[in-house]
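Side chains are part of it too, since the values below use all heavy atoms of this structure and drop only hydrogens, waters and symmetry mates.
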Amino acid sequence: MPPPPYLQASMIHRTFALIAALILMTVSALAQDSAIQSLLQTHRETIEQSSRKTIGPVITALATSGLPSAQTVLEKWQAKDMWQRKADGQFFYAEKIDSKTYELFDFETNSSVEKAAKSDLKQLKPNSGIRALIGTALVQFQLMDPDPVKRHDALISIERDPEPAHLEPLRAAIAGEQDAALLAKKQRLERLLTARYDAASEARVAAINSFADDLGVDARAMLNPLVQTKRRVVAGDVPADLNIARRLTPGGDDLTGDAAYAMLVDAGLAPAKIDAADIKTTLAANIVDGTVGGVPVAELDDMAGRDRAYAALVAGGLAQPTPTEAQIGAALSAHSFFDAYAEADPAVTQAAEQALRSIGTKVAVNQFLDLSLDAISLASIYFLAAIGLAITFGVMGVINMAHGEFIMMGAYTGYVVQQVIPDYTVSIIVAIPLAFAVTFAAGVAMERLVIRWLYNRPLETLLATFGISIALQQIAKNIFGTQARPLTSPGWLDGAWVLNDVVSISYIRIAIFVLALIFLAVFLFIMKRTRLGLETRAVTQNPRMAASMGINPDRVNMLTFGLGSGIAGVAGVAIGLFAKVTSELGSDYIVQSFMTVVVGGVGNIWGTLAGAAMIGFLQKGIEWMNPSNTLAAQTYMIVFIIIFIQFRPRGIIALRGRAAGD
């Protein structure tokens, strides 16, 4: 007869409970009997003590065990996520279920073992020192991780904080590296660590020699500590086991006698000197019945009397003895002074010094190249800013103080275009011709309304254009405000062209240089191959003769002024890509523009190019010699140009024609 249904349900429930218990016991037994658990139990007491002084062998044993789960143990331990069950001392990692309950996981199978109360568990919380040791041990796993991002991050971590313990894991990780970029990075880092930490002198020297032609900052950062010295003094001869950089003679150029004796005093090898002020103070404090040490006060006016009185006080134990010159000389003679390398191996320091000398020469050459690229870049900016001024000033003889505001108008035109066209590449392509059109029209309007009435009246022209400059700045402030506006360059102009750790130039500056060359070519084409250029050259050479040949000088002047203003607008777009766009943008370049035109030769495009190059190189050279004071650099440059004009008043390439006659 079968059992009642309720008994059948009870039996089924007990059966499932028994099966679950058996599974749990099996999993728990597997966890307890796993290889990683056995290793942890072997070092259980040391892990529980959690002392940085004794934990090292445990971490090493885990790292070198070859067990797949060792990495998991180290990572969980470092993250303070390793827990110990109090009942049997077993180790697990855990996930929090609620404030009182945690779910335990086996390190080897990553499977759930059981749910346990927090009170039954002990969390292992390694201090920063232990976490650093664990981090070092984890390097070998991270360097060979299947994920290239993790391998790269591990290399960056080693670069930031290299240690001798990183060397062997790094060498082991090189052989299996498949990524070419990561392989090169590993090999370079291995050479850096070998040069710094390897136990074999030959290996270190070979690694150092491999960096003799290297311009990397990391190479110099590795080599510089190897040649650092410390000034020391010892009694008698210099110890033979020290790596001496140089011996020093007291009283020589590198070590004065006073400095040498101060070293003896600091090292406790000689008594301190008593200066004259301290002697006087001591004598004054020991006046008794009009005498000091038996010497009348009246005899203390000269040095000999003070010396006798002080000697008497010393003999009576009332003053500290001061060494005599003879004693000082004897003390200096009895000691050796020298600079000793912090690095003990002479072969290593010699190789490091040779490598640094070689690197220093190459750095100097590359710094000159970098400075030249900066100067060329600056010259191209000045050329763009000045080419329009060269046209108006040279051809028309007009001193246009508002030229900088045309540059500002071009920059703001680019900003407005970018508000309408969000694509930065398209917006710049549209902004360049639009800026030319806007400033060309503004220049024509200015010439027709103001300039044409002031020809051959330079002072009035200067004042009028200066007033227009102020008015244009105020109009810009009223429209756009005083806050700087962004003129964003396209994404393909971001970054820089990097030759090495010393030489680099931004893509924006390269683009401006190319733009300057394009405008040079366009201007030469206009002047040499077009009717406007022919008429402009004719008016420049002889306006009366040009008028008699049917050329309208007024029309030529109008178009020429508009052309110069339009080019200034294009320069504004280029300058706005890397400079702040404000109403004062033009005033930052007007002075350099005039200097470029005057130094190069008024009205000559090749002279403007030469003047821009001269001022660009001169400014960068002065800034390099005096980098902390840009205002002083500007002052020196202006003084130099004033002197230059005294000897060559017509500039590098003198103008022929009307302006030359003026």
Beyond-backbone contact of Y415 with P486, side-chain heavy atoms, under 4.5 angstrom = yes
ask   = Got more than 12 heavy atoms from elsewhere within 6.0 Å of NZ, K86?
value = yes
query = Is atom CZ of R160 surrounded by more than 12 heavy atoms (other residues, nucleotides or ligands) closer than 6.0 Å?
reply = no
task = For residues R485 and Q419, determine if any side-chain heavy atom of one lies less than 4.5 Å from a side-chain heavy atom of the other.
result = no
key: Atom pair CD (E95) and NZ (K115), whose distance is rounded to the nearest 0.5 Å   = 10.5 Å
ask   = Within the side chain of R131, is there an N or O that forms a donor-acceptor pair under 3.5 Å with the backbone of P126?
value = yes
ask   = Taking S427 for the side chain and Q418 for the main chain, is one N or O donor matched with an acceptor at less than 3.5 Å?
value = no
inquiry  = We want to know whether E45 and Q49 form a side-chain donor-acceptor pair, criterion being a heavy-atom distance below 3.5 angstrom.
reply    = no
query = Among pairs that include at least one residue of residues 249-266, which meet side-chain hydrogen bond (donor to acceptor under 3.5 Å, both in side chains), considering only residues two or more places apart or in two chains?
reply = R246-D254, D258-K273
request  = Using the ring-ring contact (aromatic ring centres under 6.0 Å, His included) rule, pick out the option among W83, Y102, F107 that qualifies with Y93.
outcome  = F107
message = For H43, give me all partners under side-chain contact (heavy atoms from CB on, under 4.5 Å), at least two apart in sequence or on another chain.
response = L39, I47, V58, A61
ask   = More than 12 foreign heavy atoms under 6.0 Å from OH of Y197: is that the case here?
value = yes
inquiry  = With a 4.5 Å cut-off on side-chain heavy atoms, are L493 and I510 touching?
reply    = no
message = Tell me whether the count of non-hydrogen atoms from other residues, nucleotides or ligands lying under 6.0 Å of CZ in F578 goes above 12.
response = yes
task = Mark yes when over 12 heavy atoms from residues, nucleotides or ligands other than D147 sit less than 6.0 Å from its CG; otherwise mark no.
result = yes
ask   = For the atom pair CD (E159) and CG (L193), what is the distance rounded to the nearest 0.5 Å?
value = 9.5 Å
key: Between Q354 and S358: side-chain donor-acceptor atoms closer than 3.5 Å   = no
message = Are there over 12 heavy-atom neighbours, none belonging to K118, within less than 6.0 Å of that residue's NZ?
response = no
Spatial distance of atom CD (Q483) from atom OG1 (T582) [nearest 0.5 Å] = 11.0 Å
message = Surrounding CZ of R232 (heavy atoms of other residues, nucleotides or ligands, distance under 6.0 Å), is the total greater than 12?
response = no
ask   = When you check the side-chain N and O atoms of Y341 and E353, is any donor under 3.5 Å from an acceptor?
value = yes
ask   = Can you list the steps and then say if R188 with D214 is a salt bridge (charged side-chain N to carboxylate O under 4.0 Å, His left out)?
value = CA-CA 11 Å; R188 178 180 179 82; D214 198 302; 2.5 Å; yes
message = Can you see whether N243 engages T349 through a side-chain donor-acceptor pair at a distance of less than 3.5 angstrom?
response = yes
